[in-house]
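Each remark here refers to the structure printed beneath this line.
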Amino acid sequence: MTWTSDELMTVNAARALAGARTCFVGIGLPSAAANLARRTTEPGLVLIYESGTLGSKPSRLPLSIGDGELADTADAVVSVPEIFNYWLQAGRIDVGFLGAAQVDRFANVNTTVVDRGPGRPEGRLPGAGGAPEIAASCGKVLLVLRHSTRNLVRRLDFVTTVGHGDGPGSRARLGLPGAGPVAVITDLGIMRPDPETAELTLTDVHPGTTPEQAVAATGWPLAVAPGLRVTEPPTETELTALRRLAQGAPDA
Amino acid sequence: MTWTSDELMTVNAARALAGARTCFVGIGLPSAAANLARRTTEPGLVLIYESGTLGSKPSRLPLSIGDGELADTADAVVSVPEIFNYWLQAGRIDVGFLGAAQVDRFANVNTTVVDRGPGRPEGRLPGAGGAPEIAASCGKVLLVLRHSTRNLVRRLDFVTTVGHGDGPGSRARLGLPGAGPVAVITDLGIMRPDPETAELTLTDVHPGTTPEQAVAATGWPLAVAPGLRVTEPPTETELTALRRLAQGAPDA
Amino acid sequence: MAEIRSLRDAVAGLVHSGDTVAMEGFTHLIPFAAAHEMIRQRVSDLTLVRMTPDVIYDQLIGMGAARKLVFSWGGNPGVGSLHRFRDAVENGWPRPLELDEHSHAGMANRYVAGASRLPFAVLRGYRGSDLPSRSGTISTVVCPFTGEELAAVAAINPDVTVIHAQRADRDGNVQLWGLVGVQKEAALAASRVLVTVEEIVDDLTPAPGAVVLPSWTVDAVAVAPNGAHPSYAAGYTVRDNGFYQSWDAVSRDRDAFLRWMDENVLEGAR
Amino acid sequence: MAEIRSLRDAVAGLVHSGDTVAMEGFTHLIPFAAAHEMIRQRVSDLTLVRMTPDVIYDQLIGMGAARKLVFSWGGNPGVGSLHRFRDAVENGWPRPLELDEHSHAGMANRYVAGASRLPFAVLRGYRGSDLPSRSGTISTVVCPFTGEELAAVAAINPDVTVIHAQRADRDGNVQLWGLVGVQKEAALAASRVLVTVEEIVDDLTPAPGAVVLPSWTVDAVAVAPNGAHPSYAAGYTVRDNGFYQSWDAVSRDRDAFLRWMDENVLEGAR
């Protein structure tokens with residue numbers, strides 16, 4: 001079978017959920033990955049959406065986090081204040097899964113505004129949504145986005161959501177209870193925070209990608225981890241499940 | 001028809017709800033009065049119980065505020081935190097209807113402890129329940145209790161719930177949004193705060209009661225309002241409705 | 001007590017230019033019909049409040065009805081940008097748009113404080129984020145028991161909240177179910193409440209997961225079948241995902257947008 | 001994930017002497033069967049937390065299981081006093097009972113803070129009351145936006161919360177309905193959660209007004225039919241008002257109380 005680079009990214013993002021029991025699912029790519037995980041390696045994975053659903057089991061990828069099927073298939077539906085206060089903030093969720101517009105070397109995230117240079121107005125992004133508190137309160141955080149120097153930047157134009165702040169110890173100083181980002185999955189490979197410096201380093205490339213490609217597509221001098229791995233190619237099971245999920249929701 | 005002094009009290013307490021749209025109903029005597037009002041003069045009266053029921057329409061007097069019929073007949077049932085935060089505290093309720101163990105001349109209420117004198121332990125009352133915030137947040141407050149020097153005292157042993165504090169302006173200084181107690185209905189008559197002094201004065205006696213009886217049964221020098229009225233005797237409709245309500249719930 | 005009124009009368013009576021208006025519905029039950037009526041009645045200078053502005057506010061903003069937006073996530077869910085929102089923020093077209101920007105957790109708690117008539121709410125939020133630097137409604141409080149510093153957000157108390165629900169009874173009691181979002185809080189936080197419904201029924205039979213707003217908390221109920229389209233009302237309609245996708249092209253271009261509004265929304269007023 | 005266990009094993013595994021234990025249920029769904037099992041297992045030195053101590057805590061207190069009570073209204077609803085509670089407070093029998101006393105609004109918000117894992121909650125409460133003078137868990141905070149001073153109450157986070165529910169499925173997902181009280185908050189505030197249920201079913205069909213606690217928030221589910229008696233489980237049993245009335249006489253006298261407990265509760269352990 002052949003696959004697209006987005007499929008590679010999603011399959012690897014789903015694999016990163018191995019061992020998770022509960023996942024707070026961001027809109028877009030994270031939803032595809034979390035649903036794929038539930039269809040493959042983690043059938044018991046409890047999907048939690050900020051629209052208020054606990055334990056959604058959609059058969060197709062929802063276009064939005066408020067699609068009816070998320071509520072219809074959930075173990076429980078609660079109000080939006082409740083999902084944020086009793087469930088997310090309370091630290092009950094193992095993994096927060098987020099997309100991002102800009103990510104820096106410490107896995108901080110900008111989804112608010114981009115600087116377009118002098119004399120030009122700031123470019124508007126959608127905004128924070130649930131991300132600041134998802135990244136603060138979940139046991140750990142996964143990020144998924146396409147790999148480019150536009151997305152992976154030396155310096156964020158705005159810090160919407162804290163990953164590892166300005167390095168080791170930042171999260172503790174800020175009082176952020178969760179462990180923060182543990183992996184950034186892209187269409188080229190996987191970056192993980194270095195255990196010493198908390199800086200994102202390239203730990204895996206996908207089949208057919210070279211580390212040089214990933215370094216060139218990163219806005220800071222991306223370190224390559226010793227013992228760089230190549231991810232396993234998507235299996236037929238994974239691809240079939242992903243394509244079945246995607247049917248009828250072309251842009252999810 | 002003949003009637004008991006408790007029936008006199010309850011009938012007059014129900015009449016005091018004339019014009020109210022919504023009533024936060026305390027346990028015991030207030031519940032009997034509020035239900036009687038809904039059966040007689042105020043059929044549209046919305047009864048709200050701290051157990052979380054909005055718009056209960058029980059056919060019998062509930063023994064407790066958590067009887068099943070209160071929920072079964074309600075327009076909506078909400079959680080206990082919600083009833084206190086979104087409904088009571090928000091100032092949505094016209095009338096708060098409370099019982100009391102001790103009441104002073106400014107209609108402050110003690111339901112916590114009584115002083116039994118030197119060398120003896122404090123006597124224990126049930127405690128605050130919803131009363132402090134009911135009396136703070138409802139548009140106005142009605143109190144109902146039996147008339148005796150034990151209940152209507154010169155000085156409270158403990159202030160559980162503020163009525164008019166230490167007199168005019170007290171509620172504003174404390175930041176209590178509602179108007180506070182407007183009537184104390186007893187088995188002997190009705191006391192209302194004097195418009196100038198906020199002190200409870202006898203404005204009505206029940207048929208067959210003299211003002212002297214009420215004064216003698218009050219722990220402070222009870223002023224008798226000029227133009228003291230005699231309450232209308234219970235009507236047959238009122239008594240029949242009350243007795244029908246009471247059937248099957250002997251102690252409500 | 002809620003009056004049952006035509007949508008035109010209800011909007012005319014309850015929504016005024018200059019108001020702070022919350023129109024809630026988290027993807028589900030978005031009150032599009034009421035927004036279109038507001039556009040037809042040329043209500044203007046609004047402070048619009050909504051966690052997810054969505055296409056409904058893209059339309060109001062693009063028509064110049066808003067001077068300020070209070071929100072937490074301004075995208076076209078699953079599709080991309082809200083182009084009218086971006087054009088207003090980036091280029092001031094058709095008029096500048098002031099922003100008060102929060103996280104979802106912050107906005108949800110602002111409504112909770114509003115519904116509880118507290119001046120603020122406390123949450124563990126915004127830590128390390130630049131968001132507080134751009135908002136006057138985010139601050140901090142210190143726990144008097146532990147000394148911990150927490151985020152505080154100012155209550156939202158709209159002049160009017162507009163929501164869509166599945167149904168109401170003839171007394172104006174309102175019932176909604178499915179994803180109930182933050183609608184109860186938004187309604188209870190407001191001075192005035194307008195609810196559009198799919199239908200009026202004799203009796204509100206209890207439904208799993210249903211929220212009931214008693215008639216005495218609502219000012220007007222207006223019947224607006226399919227009034228959430230392209231959003232949906234669980235049990236009545238389904239989300240028109242195709243519309244959301246097609247909105248991207250319509251809204252990208254100012255003229256195409258105005259033409260679409262003229263043909264699909266203003267038309268109704270003539 | 002919740003394990004389905006016998007009541008005896010569940011209590012032995014989850015409730016330990018010295019624990020802070022919340023057993024909630026606002027008149028409805030009071031977990032009497034679990035309390036009786038705790039009495040049989042001689043769990044002691046408990047800090048008991050409950051808005052309305054009710055007969056369930058009168059029994060635990062009278063048997064000497066508690067060293068402290070955190071509460072807001074300690075009467076026998078519709079009947080009168082809780083005599084064992086009074087005897088413990090007034091006379092220290094069978095042992096002194098420390099009190100932390102609140103209003104209902106304060107207690108409800110303490111659970112909300114606990115469930116939200118915030119250290120405190122804010123309310124407009126206690127103004128002018130003497131209650132704060134006797135409690136270390138009532139304080140004040142100042143709104144950073146308006147300067148208004150409001151009451152603050154410390155979060156409650158029990159070691160274990162015990163509730164009774166109508167039913168659970170075989171995976172341990174729990175469903176309760178009717179007066180749902182503060183049980184969700186009490187459960188989500190606790191480190192450990194024990195739920196007794198009327199029955200285990202194959203599927204939790206949605207029910208109007210139902211609260212669902214997912215299996216992964218519960219430690220153990222134990223079947224205890226009629227386990228709320230003399231309280232009730234809507235849809236299964238009715239409140240035994242006669243029992244509540246007869247409790248007045250039983251509990252007035254120390255010996256009568258001990259005899260009753262011996263015959264009706266301890267007997268079960270032999």
Side-chain angles (χ1 to χ4, degrees), chain C residues 70 100 102 105-106 108-110 112-127 132 135-157 166-167 175-180 184-185 203-212 234-235, chain D residues 70 100 102 105-106 108-110 112-127 132 135-157 166-167 175-180 184-185 203-212 234-235:
Chain C
V70 181
D100 184 20
H102 279 259
N109 278 292
R110 296 186 69 188
V112 168
S116 308
R117 304 289 160 158
L118 289 174
F120 72 106
V122 177
L123 70 155
R124 233 182 223 109
Y126 300 105
R127 283 175 174 166
S135 169
T137 51
I138 306 172
S139 185
T140 57
V141 287
V142 173
C143 173
F145 304 103
T146 64
E148 187 185 2
E149 185 178 278
L150 296 131
V153 287
I156 292 174
N157 287 107
Q166 276 94 346
R167 57 195 190 182
Q175 192 187 40
L176 56 147
W177 64 87
L179 296 169
V180 293
K184 178 186 272 192
E185 288 76 13
D203 288 297
L204 296 179
T205 48
V211 162
V212 171
Chain D
V70 182
D100 183 20
H102 280 260
N109 278 292
R110 296 186 70 187
V112 168
S116 308
R117 303 288 159 160
L118 288 174
F120 73 107
V122 178
L123 71 155
R124 231 181 225 110
Y126 301 105
R127 282 174 175 168
S135 170
T137 51
I138 306 173
S139 185
T140 57
V141 286
V142 173
C143 172
F145 304 103
T146 64
E148 187 185 1
E149 185 178 279
L150 296 132
V153 287
I156 292 174
N157 287 106
Q166 276 94 344
R167 57 195 190 181
Q175 192 187 39
L176 55 147
W177 64 86
L179 296 169
V180 293
K184 180 187 271 192
E185 287 77 12
D203 287 297
L204 297 179
T205 48
V211 162
V212 171

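Naming convention: chains lettered A, B, ... in sequence-line order (proteins, then strands); numbering from 1 in each chain.
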Report yes or no: does C:R117 contribute a side-chain atom to a donor-acceptor pair with the main-chain N or O of D:R124 at less than 3.5 Å?
no
Residues in side-chain hydrogen bond (donor to acceptor under 3.5 Å, both in side chains) contact with C:R127, at least two apart in sequence or another chain:
C:E148
So what's closer than 4.5 Å to chain D heavy atoms on C:S139: side chain, backbone, both or neither?
both
Of the backbone (N, CA, C, O) and the side chain (C-beta and beyond), which part of D:L118 lies under 4.5 Å from a heavy atom of chain C, both, or neither?
both
Side chains of C:P119 and D:F145 in contact at under 4.5 Å (non-hydrogen atoms)
no
Closest-packed option against chain D by number of heavy-atom pairs under 4.5 Å, given C:L123, C:I138, C:V211:
C:I138
Answer with side chain, backbone, both or neither: which region of D:V122 has an atom nearer than 4.5 Å to a non-hydrogen atom of chain C?
both
Could you have a look at D:A152, D:C143, D:G136 and say which one has the most heavy-atom pairs with chain C under 4.5 angstrom?
D:C143
Can you tell which part of D:T140 gets under 4.5 Å to a heavy atom of chain C, answering side chain, backbone, both or neither?
backbone
Which atoms of C:V142 are under 4.5 Å from chain D, going by heavy atoms: the side chain, the backbone, both sets, or neither?
backbone
Chain C contact via D:A210 - side chain, backbone, both or neither, heavy atoms under 4.5 Å
neither
Can you name the residues that form a side-chain hydrogen bond (donor to acceptor under 3.5 Å, both in side chains) with C:D100, not counting sequence neighbours?
C:R110, C:S135, C:T137
Tell me, out of C:P206, C:G209, C:P144, C:A155, who's got the most heavy-atom pairs with chain D below 4.5 Å.
C:P144
